[in-house]
Amino acid sequence: MSQYDTPRPESLGDGIHLIPAPLPFKSPPWVNTYAIETDSGLLLIDCGADWPEGRTALSEGFRALGLDEKAVHTILVSHLHPDHVGMADRLREEWGCRVVMHERAEQGRLAKYNDTPGYMAEMRELALRHGAPRPAVELAASAPRPWYMPVIEPPDHVVADGDPIDLGKGRHLLVLHTPGHDDSHICLRDSRTGILFSGDHILPRITPVVPFDSDSVDPLDDYLRSLRRLIDMRIGVTYPAHGSLIARGDERAYQILLHHDRRLLDMTEVVRKEDLSAFEVMLKSFRSDLDGLQIRLALLETIAHLEHLRLQGRIKGVERDGVLVYTR
Ligand SMILES: [Zn+2]
């Protein structure tokens with residue numbers, strides 16, 4: 001499929017190895033997994049969607065780099081999306097390794113990940129409340145569970161913000177809870193090199209979707225705060241989960257902050273001119289030829305921005321016939 005697009009595996013120095021794994025969809029075309037040498041074997045950050053091409057790419061990647069995949073003792077999951085955690089159970093069984101996630105995984109996030117009908121029911125309710133007409137609701141909230149996304153068993157271990165993950169010889173990965181793209185999202189900072197493994201929190205060129213999510217009052221605020229926190233930490237070299245490596249993570253974080261500032265300003269303008277539901281604002285803010293998944297993500301992203309503006313008092317929300325309408 002998109003395998004020919006996937007870059008070659010590469011040793012990046014400091015005991016860090018990049019093994020890209022192709023994904024069963026067009027965008028993003030692959031996920032970057034990172035194998036890190038530790039005292040007792042290898043630790044793998046993220047593992048890709050559960051499909052044969054992805055599995056083969058991992059095996060071939062380890063082999064090409066002269067590494068033994070069976071030496072992986074830990075899979076560290078950056079967040080609960082299928083392109084990052086999809087293959088975790090398959091590998092846990094094959095390798096006998098442990099799977100580590102942020103503690104939010106145990107506090108309802110994994111249950112949500114595993115419950116597609118429940119998620120779709122929630123989406124349906126949300127889409128109706130935010131003014132989507134019936135056909136759009138059907139399009140956005142009727143998808144079956146993707147075939148590359150098996151149900152995932154609970155993690156063997158969970159980590160919280162500030163936890164060090166020991167790599168041996170006085171080196172560790174510092175866990176940074178960075179909610180926004182997903183409530184269980186973590187970044188990891190290497191104590192030896194200062195390199196940040198940013199998952200989907202900071203990506204080159206594209207900005208991660210920040211979807212409205214009932215597990216948080218204001219997911220966009222969570223996301224922007226997490227970005228500012230990393231800027232304050234003066235992050236430099238950043239290894240993202242998609243795309244090419246980033247030389248200046250702080251500069252990229254600034255660009256992403258600006259992108260959201262602009263979008264917030266644009267949406268404020270739109271709502272100041274006329275009263276609109278989130279669905280109507282979405283139609284004005286995104287291109288019109290979206291498929292079901294894209295409508296769902298665009299609507300969730302629009303709601304996240306409008307709720308952020310409402311909670312900041314920059315716009316208001318009023319209830320009209322069961323639909324939340326945003327107004328000046
Ligand atoms: Zn991703």
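Along the sequence shown, residues carry numbers from 1. Given the structure is predicted, the values throughout are model-derived calculations rather than measurements. Just so you know, ligand 1 is whichever comes first in the structure, and atom 1 is the first atom listed for that ligand.
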Ignoring waters, protein N/O/S atoms under 2.8 Å from the Zn ion (ligand 1) are Asp83 OD2, His84 NE2, Asp200 OD2, His242 NE2

Flag if over 12 foreign heavy atoms under 6.0 Å of CG, Asp321
no

Test salt bridge (charged side-chain N to carboxylate O under 4.0 Å, His left out) on Asp232 and Arg228 and set out the steps.
CA-CA 6 Å; Asp232 290 343; Arg228 287 193 203 101; over 6 Å; no

Regarding Glu94 and Arg55, does a basic nitrogen lie under 4.0 Å from an acidic carboxylate oxygen?
yes

Kindly assign one of parallel, tilted or perpendicular to the pair His305 and His260, based on the angle between their ring planes and the thresholds 30° and 60°.
parallel

Between His130 and Tyr326, what is the ring plane arrangement, given parallel below 30°, perpendicular above 60°, and tilted in between?
parallel

What pairs of donor and acceptor atoms, side-chain ones from residues 173-180 against any protein atom, are under 3.5 angstrom apart with sequence neighbours left out?
residue	atom	partner	partner atom	Å
His177	NE2	Asp183	O	2.8
Thr178	OG1	His185	O	3.4
Thr178	OG1	His185	ND1	3.0

